[in-house]
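Take a look at the structure set out below.
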Amino acid sequence: MSGGVDSSLTAALLVEQGHDVTGVYMKNWTKDLPGMKCPWADDLADAKRVAVQLGIDFKVFDFENEYKHKVVDYMIDEYKAGRTPNPDIMCNQEVKFKLFLEAALEDGADMIATGHYARVKDGVLKMAVDTNKDQTYFLYRVTGAALAKTMFPLGEYTKPQVRKMAEERGLFTAAKKDSQGICFVGKVGIRDFLNQYVEQVPGRIIDKQSGNVLGHHDGAIFYTLGQRHGLDVGGGLPYYVVGKNMDKNEVYVTTDLNDKTLWQTNVQLDAVHWINDAPVVGKYHIRVRHRAPLIAADLAYDNDRVILTLHDEQRAVTSGQSMVIYDDMVCIGGGIVI
RNA sequence: UGGGGCGUCGCCAAGUGGUAAGGCAUCGGCUUUUGGUGCCGACAUUCGGGGGUUCGAAUCCCUCCGCCCCAG
């Protein structure tokens, strides 16, 4: 239980279904950041409050060290390498559906449940009924074995329904605003977050078309493909990042919205993960980022890599980001963009 | 110091007598359990400085400062 509405209602529904429920708060991050207080203490209090409301046992699992190593360090290393990682996917893979699952089973649980908007049946991950809120994108790196021990009670409902049901039950967190930003860390800008761990090194912002130096930045690490803001380069049309060179610490930009590096149809995936069996070569659907529409794509293999040919070009397909693959409503896995 | 041009928000840029468009950037908010994108809102009492003409000037005149171009 994170202290939000979703996990609160999840617990409530399980209780109503007659399960023997124990609420668990995962303590993964407690550090305040400049201009932003880490919400962990309030979240924990809210979670506990709901557990008391429901009359269930409540525990705190502490994964702070592991979260730092498996999620935060991974994230920082990726950024240092010039890529753009997705920490929340790593959090699900390494913490929620591994460490937490193991700890829960060891603690005597038969199953774990979370407030994710997704459905699972016999270890198969399906999109949520509420396709607008579907969170399978963040779950593609979970194993089928883990999912076999997992319940997602909210997968059958829409977010508005969840809010309503939470309110009907008088849950303390019924009206609490949805959390955003990096899972557990809070609503911090990635830039402010990275600033805590990497040194700012001034570099040049270069116009890809003319080669002119348009300005300077405090580190190429802070920029990602397709990014518009934060360049502090004005005059005429908006500039978008179309590349960077980590060795030279240079960021390349353009005003050309049709720049070919901004629109991809051929994508290679590394670190491929399948929830169950690897799919056969053929046509599937993919999404390049959370909440992006599903796009038809042809899947092929190249040794350990997966080659995807998208039927529609996608904007800012970025190295380090995840491309998740679907077979109809089933999320079968995915990989990381090279 | 002959000729011509220019100087309007951090940047680009309208406006040539009637009381400062717009875009970019920036900031704030919304959307979003990553990054990013997108959307909405805010943002020059003031037009290089000083003087003058006028009911009224960024717009006309004088002057000073700065920059650019062509000549020498």
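So you know, we letter chains A, B, ... as the sequences are listed, proteins then strands, and number each from 1. Just so it is clear, the values below take in all heavy atoms, side chains as well, and ignore hydrogens, waters and symmetry mates.
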Would you list the protein and nucleotides 37-40 of chain B atom pairs, both N or O, that sit under 3.5 Å from each other?
residue: B/U37; atom: OP1; partner: A/Arg228; partner atom: N; Å: 2.5
residue: B/U37; atom: OP1; partner: A/His229; partner atom: N; Å: 3.1
residue: B/G38; atom: OP1; partner: A/Arg228; partner atom: NH1; Å: 3.4
residue: B/G38; atom: OP1; partner: A/Tyr240; partner atom: OH; Å: 2.5

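- When rounded to the nearest whole Å, the span between CG of A/Asn28 and P of B/U33 equals 19 Å.
- Sorted by first then second residue, the salt bridge (Lys or Arg N to Asp or Glu O under 4.0 Å) pairs that include residues 262-284 of chain A, not counting sequence neighbours, number zero.
- Atom C1' of B/C9 sits at a distance of 28 Å from the matching atom of B/C69, rounded to the whole Å.
- If you take CZ of A/Phe222 and C1' of B/G36, they are 16 Å apart, rounded to a whole angstrom.
- Note on ring orientation: taking the six-membered ring where Trp is involved, the planes of A/Phe193 and A/Tyr197 are tilted (angle from 30° to 60°).
- Summarising the geometry, the separation between OH on A/Tyr239 and P on B/A25 is reported as 10 Å, rounded to the nearest angstrom.
- The phosphate of B/G29 has neither OP1 nor OP2 within less than 4.0 Å of any side-chain N or O from A/Lys177.
- To the nearest angstrom, P of B/U34 lies 11 Å from CG of A/Asp178.
- Across all strands, A/Ile89 comes closer than 4.0 Å to no nucleic acid atom at all (heavy-atom distances).
- Separating the P atom of B/C39 from that of B/G49 is a span of 36 Å, rounded to the nearest Å.
- Side-chain nitrogen and oxygen atoms of A/Lys133 include at least one within less than 4.0 Å of the OP1 or OP2 phosphate oxygen of B/U33.
- If you take atom C1' in B/U34 and the same atom in B/A25, they sit 26 Å apart, rounded to whole Å.
- When base pairs are accepted only as Watson-Crick or G-U wobble with both N-N or N-O distances under 3.5 Å, RNA chain B takes part in stems of 3 or more pairs at B:2-7 with B:65-70, B:10-12 with B:22-24, B:26-30 with B:38-42, B:48-52 with B:60-64.
- Electrostatic pairing of A/Glu64 and A/Lys31 does not count as a salt bridge here, judged by no charged N lying under 4.0 Å from a carboxylate O.
- Comparing B/A58 with B/C6, their C1' atoms sit 14 Å apart, to the nearest whole Å.
- Salt bridge status for A/Asp42 with A/Arg49: absent, with no side-chain N to carboxylate O gap under 4.0 Å.
- A donor-acceptor pair under 3.5 Å links the side-chain atoms of A/His69 to the main chain of A/Asn65, judged by distance alone.
- Within the 3.5 Å criterion, the main-chain N or O of A/Met165 finds a donor-acceptor partner in the side chain of A/Arg169.
- Not a single donor-acceptor pair under 3.5 Å links the side chain of A/Tyr25 to the backbone N or O of A/Asp62.
- No donor-acceptor contact under 3.5 Å links the side chain of A/Thr318 to the base of B/G36.
- Using C1' as the reference atom, B/G23 and B/U19 are 24 Å apart when rounded to the nearest Å.
- Spacing between atom CE of A/Met90 and atom C1' of B/U34 amounts to 12 Å, rounded to whole angstrom units.
- Going from the P atom of B/C67 to that of B/U53 covers 31 Å, rounded to whole Å.
- Whole-Å rounding puts the A/Gln93 CD to B/U34 C1' distance at 14 Å.
- Residue contacts shown for A/Gly230 are limited to sugar-phosphate atoms, with no base heavy atom under 4.0 Å away.
- Each of A/Gly236 and A/His116 was matched to the nucleotide of RNA chain B holding its nearest heavy atom; the match closer to the 5' end belongs to A/Gly236.
- B/C11 atom P lies 16 Å from atom CD1 of A/Ile205, rounded to whole Å.
- Taking every side-chain heavy atom of A/Ile190 into account, B/G35 is the closest of B/G35, B/A25, B/U34.
- For the pair A/Gln135 CD and B/U33 P, the computed distance is 6 Å after rounding to whole Å.
- Ring pair A/Tyr301/A/Trp274 is perpendicular by interplanar angle, where above 60° counts as perpendicular and below 30° as parallel.
- Nearer to the 5' terminus of RNA chain B, by closest-nucleotide assignment, is the contact made by A/Leu237 (compared with the other of A/Pro87 and A/Leu237).
- Distance noted for atom C1' between B/G7 and B/G15: 15 Å (whole Å).
- Of the candidates A/Lys159, A/His116, A/Lys176, A/Asp6 forms a side-chain hydrogen bond (donor to acceptor under 3.5 Å, both in side chains) with just one, namely A/Lys159.
- Listed for the A/Arg305 side chain is no donor-acceptor partner under 3.5 Å among the backbone atoms of A/Leu269.
- Listed nucleotides B/A25, B/U33, B/G36 differ in distance to A/Asp232; the shortest reach to its side chain belongs to B/A25.
- Between the side chain of A/Thr143 and the backbone N or O of A/Ala146, at least one donor-acceptor pair lies under 3.5 Å.
- Annotation: B/C68 and B/C61 have their C1' atoms spaced 25 Å apart (nearest Å).
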